[in-house]
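Just so it is clear, the values below take in all heavy atoms, side chains as well, and ignore hydrogens, waters and symmetry mates. Just so you know, ligand 1 is whichever comes first in the structure, and atom 1 is the first atom listed for that ligand.
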Amino acid sequence: MHIDTKCVQSGYRPKNGEPRVLPIIQSTTYKYDTAEAMGDLFDLKSDGFFYSRLANPTVDCVEKKIADLEGGVLAVMTSSGQAASLFSILNICKAGDHVISSAAIYGGTFNLFNKTMRDMGIDFTFVSPDITVEELDRVFRPETRCVFGETISNPSLDVLDISLFAADAHRHGVPLIVDNTFATPVNCRPFEFGADVVTHSTTKYMDGHACALGGVVVDSGKFDWKASGKFPMLTTPDETYHGIVYTDAFGAAAYGVKLRTHIMRDIGAMQSPQNAFLLNLGLETLFLRVERHCENAVKVAKYLESRIPDGRITWVDYPGLPSYRHPERVSRYLPNGSCGVVSFGVAGGREGAVKFMEALKLAAIVTHVADARTCVLHPASTTHRQLSDKELEECGVSPDLIRFSVGIENIEDILDDISSALDIL
Ligand SMILES: *Cc1c(COP(=O)(O)O)cnc(C)c1O
């Protein structure tokens, strides 16, 4: 099936007489006739629902849809994108291990890595998304366990050279984890370029209506944990499951199954069935919305660029403009479009940015991005305000950067709003 058909049809396939629409199974628990049947579930000997912290029928259908959209073997949904990022790494790292991450990542992820996970004893090295293979080779350590990056970084809009990072990670026997939130599987499927694990904040385009927080971790099933030899948590007995060896028992889905049965079991942070239902509604139209977001964003980016000569706009950044710094990465990884987010600077720096934002009428100032309504944010005074100027610079965020999330409204109304706000600058 094509990706647009998958958006609508995958995951839930009702049988004769069953509800046409994915039902919300609002139950924490599931009944079995014998203690033995229940025991087999606990021992992971058989498949089935027993407690919604581990799996729920509504959530399960949406996980299957996302796994299908990304081309993975198994997806585990979480309560937020933050939980997905944390789980994706915690599943294969412990205190003393080391992670290499692109520095061009979401501010919340940067704080999670740089502070919270460092405090847990996992060390991080942040590298430029434009690093060369030789430089990247030099930051690997014997205890490095994975490499992390974002397909299109939020908010700096760096496009990751997925193949380069994947190939180098694999040379060092570790997987590449890619946060694919901004591109969505409609525009890029990182597994096709060698990524091993994909994460999302489903809160953004996937939901698309700003209704439900959520995240997901998808396992490609392609990484060879045994051959690597660096992941005993997957290749040696887990005593909390009577000595099960994930790679032996679950083959290609070892990473995904362990994430669910170990990390989710111990930490929680599961998706609620209600949120999964809302997310599924969003996914059904993801394909249509992403197309419109991108079409509108290209027009906004071009319009903003046309205002550079009169001095109102100082710079425009959008993967899809001919002036974008890595056109070859855009044509390789994002041939059908990138995302709806455009970054730019307005005259007057930090103060000009605030003045411009407050003059907008259609575009709302919100701490959100990537939903149907056009919205705008000034990272330096909101999402990234806890970062120092140097850290801001490392994340590719300048003090005058405005993150403009182009919605799916009529383009003329969006452009009118921008031009009226620029007039009062
Ligand atoms: C928003 C976001 C996150 C965090 O997701 P939440 O759902 O807000 O927890 C992670 N990565 C990216 C790229 C994001 O945009």
**Report entry** Aromatic Tyr106 / basic Lys204 pairing, under 6.0 angstrom, 45° off normal
**Finding:** yes
Query raised in the report: Between Phe344 and Leu304, what is the shortest heavy-atom contact and its length?
Result: CD2-CD1, 3.3 Å
**Report entry** Side-chain donor-acceptor pair present, Asp161, Tyr333, cut-off under 3.5 Å
**Finding:** yes
Report task. Answer with yes or no after comparing the ring centroid distance for Phe113 and Phe148 against a 6.0 Å cut-off, counting only values under it. Result -> yes
**Report entry** For the student: nearest non-hydrogen atoms of Glu305 and Val316, plus distance
**Finding:** N-CG2, 3.7 Å
Query raised in the report: Do Phe110 and Phe126 have their ring centres less than 6.0 Å from each other?
Result: yes
Dump the pairs for me: ligand 1 N or O, protein N or O, distance under 3.5 Å, to 0.1 Å.
| from | atom 1 | to | atom 2 | distance (Å) |
| --- | --- | --- | --- | --- |
| ligand 1 | 5 (O) | Ser201 | OG | 3.0 |
| ligand 1 | 7 (O) | Gly81 | N | 2.9 |
| ligand 1 | 7 (O) | Ser201 | OG | 2.8 |
| ligand 1 | 7 (O) | Thr203 | OG1 | 2.6 |
| ligand 1 | 9 (O) | Gly81 | N | 3.0 |
| ligand 1 | 9 (O) | Gln82 | N | 2.9 |
| ligand 1 | 11 (N) | Asp179 | OD2 | 2.7 |
| ligand 1 | 15 (O) | Asn154 | ND2 | 2.8 |
| ligand 1 | 15 (O) | Lys204 | NZ | 2.6 |

